[in-house]
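Note that this is a predicted model, so its numbers are computed, not measured.
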Amino acid sequence: MPTSHPAGTGRAPGRGSARFPVLDPATGETIDEAPDQHPDELDAVVDRAHRAWHGWRADAAARTRALLRAAEAVEAAGDGLARLLTREQGKPLAESYAEIARTSARLRYFADLVPRTRRISDGRPVRSEIRWRPLGPVAAIVPWNFPLQLASAKFAPALAAGNTVVLKPSPFTPLATRLLGSVLAAALPEDVLTVVTGREPLGARLVSHPGIRHVTFTGSVPTGRAVAAGAAVSLARVTLELGGNDAAVLLDDVDVERIADRLFWAAFRNCGQVCMAVKRVYVPARLHADVVEALAGRAKAVVVGNGLDPDTRLGPVSNAPQLARVERVTRQAVADGARAAAGGHRLDGPGHFFAPTILTDVSPGSEVVTGEQFGPVLPVLPYRSLDEAVDAANSTGFGLGGSVWGTDPDRAEAVAERLECGTAWVNHHAELSLAQPFAGIGDSGVGVAGGPWGLYGNLRPFVVHRPEQT
């Protein structure tokens, strides 16, 4: 039987009883239903968030205490959150626990960050200070690949800065977010964080709502453009973390067996559904066959299954539309001449399972190379000169991350400097500290998240001038 989970902090939906089903991607069965809130309900939600903002912004010490209590509450609820997250998203249970831990850690990190007042000295007999003020209600719109972790990446800095938040999860993964909202209700004042769920046009109405002062969104490039256009109606600030098509460039001195495991998991963690996963690999021509063999061997050996099974290392693709996309770009690549050294097809049985796939002989113009497959499929492409590899790595409209792999880290770092992206790694990939900025260029987004930059992205400067005392 489906199990009902309570709404987030703030008041329960007040209109009708419309609901939509949420499916388990490992079985295709309905887990539960979530409220399909009507866009007209947002007026009351945003109004309550605005009224709650006045008290929340006024006491920084109380905010710190509340965020620390929130972190403890998330940890205490870890078992229930992790199991529900795995059921609706599909990832292995160990990865769900890691997501819960990251959520709690981010709340603690931002609880301790305080914006600094800065004094300007320019030779005039005037004391000028830059202080910081929160923006107001923030709309946080979160995708389905890391529902809780990405939610906390938005609400933790926004709340720490003194804003209130209206959080909308993906319709594919609303349940764990609603449960998280209920967990946080014990730590936060009413209406400081409200979870709303529903299908379109709920999101479009939220980002264009005149009471929202900052829209922070993670998702696809086309939807990101629509979000920016919607937020422009009220001139709300926008932070967009969009797609990634990260390239890994292997140098001619790379030790293939030494890096193969790290490279494989940089591409296939969370079934490849990571914005900053390795999505294409460039290899010196003489090492190409060795790299394909090493990655294909791991793809064939990895245990794919239900995330609740402790032996599972890769779960299903999270939803049917994404599975269809993964299958389509793979079939098209093969039709254009690519060969699947491993996988290349759906797996038999219920659920949204796709065999871990390594593609070789791929056309550089294939969509699986130029686009973002966002699934368990990895093309491996040979190169004959390093300049050719760097040019290819920089050839898409994306610019989220990239990595360079070799035995000489100084040489690899010099090559990494040539990558056009927001973050470049040497001999690893997709590892982020809570204290560092995270941003892309080009189609990969606008604005900066993470670290102090994430905090200040939720604040505006306020300058006070006064004459010096004589």
Which atom names give the shortest non-hydrogen contact between [X] and [Y], and what distance separates them?
X      : Y      : value
Thr173 : Pro147 : OG1-CG, 3.6 Å
Pro364 : Leu381 : CA-CD2, 4.2 Å
Cys275 : Asp246 : O-OD1, 4.3 Å
Arg87  : Pro25  : O-CD, 3.3 Å
Ala140 : Val165 : CB-CG1, 4.1 Å
Ala26  : Pro316 : N-CG, 3.8 Å

Quiz item: After noting the C-alpha distance and the side-chain angles of Trp425 and Thr423, does the key distance pass the side chain to side chain contact (heavy atoms under 4.5 Å, CB included) rule?
Solution: CA-CA 7 Å; Trp425 293 272; Thr423 305; 3.5 Å; yes

Self-check item: Thr407 versus Asp253, side-chain donor and acceptor atoms under 3.5 Å
Solution: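 The answer is yes; a qualifying pair exists.
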
Quiz item: Do the side-chain N and O atoms of Thr239 and His214 include a donor-acceptor pair separated by under 3.5 angstrom?
Solution: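 The criterion, which ignores hydrogens and geometry beyond distance, is satisfied for His214 and Thr239.
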
Could you tell me whether the side chain of [X] and the main chain of [Y] form a donor-acceptor pair under 3.5 Å?
X      : Y      : value
Asp336 : Ser366 : no
Ser170 : Pro143 : no
Arg19  : Glu33  : yes
Arg106 : Gln149 : yes
Asn163 : Pro137 : no
Asp36  : Phe20  : no
Arg205 : Asp40  : no
Glu88  : Ile31  : no
Arg237 : Leu459 : yes
Thr312 : Asn306 : yes

Does the side chain of [Y] come within less than 4.5 Å of [X]'s, by heavy atoms?
X      : Y      : value
Ser318 : Lys91  : no
Val304 : Pro356 : yes
Ser234 : Ile212 : no
Pro350 : Glu29  : no
Leu378 : Phe264 : no
Val368 : Val362 : yes
Leu159 : Leu188 : yes
Tyr282 : Asp391 : no

Could you list the donor-acceptor pairs under 3.5 angstrom formed by side chains in residues 286-294, with sequence neighbours left out?
from, atom 1, to, atom 2, distance (Å)
Arg286, NH2, Asp252, O, 2.7
His288, NE2, Val380, O, 3.0

If you measure from [atom1] on [X] to [atom2] on [Y], what distance do you get to the nearest 0.5 Å?
X      : Y      : atom1 : atom2 : answer
Phe146 : Thr103 : CZ    : OG1   : 11.0 Å
Phe374 : Asn270 : CZ    : CG    : 7.5 Å
Asp79  : Leu84  : CG    : CG    : 12.5 Å
Glu99  : Thr86  : CD    : OG1   : 9.0 Å
Thr177 : Phe155 : OG1   : CZ    : 9.0 Å
Thr194 : Leu167 : OG1   : CG    : 9.5 Å

Quiz item: Do we get Arg313 above Trp265's six-membered ring, with its NZ or CZ under 6.0 Å from the centre and within 45° of the axis?
Solution: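 Checked: cation-pi criterion met.
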
Quiz item: Passes salt bridge (Lys or Arg N to Asp or Glu O under 4.0 Å), Glu257 versus Arg298? Steps please.
Solution: CA-CA 11 Å; Glu257 278 304 316; Arg298 285 159 175 80; 3.3 Å; yes

Please list, one pair per line, the donor and acceptor atoms closer than 3.5 Å that link side chains of residues 430-449 to other protein atoms, with sequence neighbours excluded.
from, atom 1, to, atom 2, distance (Å)
Glu431, OE1, His428, ND1, 3.3
Glu431, OE2, His428, ND1, 3.4
Ser433, OG, Ala435, N, 3.0
Gln436, OE1, Ser433, N, 3.0
Asp443, OD1, Arg225, NH2, 3.4
Ser444, OG, Gly243, O, 2.7
Ser444, OG, Gly399, N, 2.9
Ser444, OG, Leu400, N, 3.2

Self-check item: Full working for salt bridge (Lys or Arg N to Asp or Glu O under 4.0 Å) between Glu372 and Lys279
Solution: CA-CA 7 Å; Glu372 184 184 22; Lys279 297 192 173 75; 3.4 Å; yes

Would you say that more than 12 heavy atoms from the other residues, nucleotides or ligands in this model lie under 6.0 Å from the [atom1] of [X], or not?
X      : atom1 : result
Arg199 : CZ    : yes
Arg83  : CZ    : no
Arg331 : CZ    : no

Exercise. With side chain to side chain contact (heavy atoms under 4.5 Å, CB included) as the test, would you mind laying out the steps for Val138 and Lys154 before giving the verdict?
Key: CA-CA 9 Å; Val138 173; Lys154 300 179 185 307; over 6 Å; no

Exercise. Test Val404 against every option in Val254, Val415, Leu250, Val390 by the side chain to side chain contact (heavy atoms under 4.5 Å, CB included) rule and name the one that passes.
Key: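 That would be Val415; it is the only one of Val254, Val415, Leu250, Val390 passing the side chain to side chain contact (heavy atoms under 4.5 Å, CB included) with Val404.
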
Exercise. Scan residues 413-426 for pairs that pass salt bridge (charged side-chain N to carboxylate O under 4.0 Å, His left out), counting only residues two or more places apart or in two chains.
Key: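 Every pair satisfying salt bridge (charged side-chain N to carboxylate O under 4.0 Å, His left out) with a residue in residues 413-426: Asp387-Arg418.
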
Quiz item: Can you list the steps and then say if Asn394 with Leu419 is a side chain to side chain contact (heavy atoms under 4.5 Å, CB included)?
Solution: CA-CA 6 Å; Asn394 293 335; Leu419 298 181; 4.2 Å; yes

Quiz item: Are the charged groups of Glu95 and Arg269 less than 4.0 angstrom apart, N to O?
Solution: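 Salt bridge flag = no for Arg269 with Glu95.
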
Practice problem: Begin with the C-alpha distance, continue with both residues' side-chain angles, and end with the deciding distance and a verdict on side chain to side chain contact (heavy atoms under 4.5 Å, CB included) for Trp144 and Asn319. | Solution: CA-CA 9 Å; Trp144 44 260; Asn319 55 77; 3.2 Å; yes

Quiz prompt | Derivation and outcome, side chain to side chain donor-acceptor pair (under 3.5 Å), residues Glu75 and Ser104 | solution = CA-CA 6 Å; Glu75 288 177 339; Ser104 178; 3.2 Å; yes

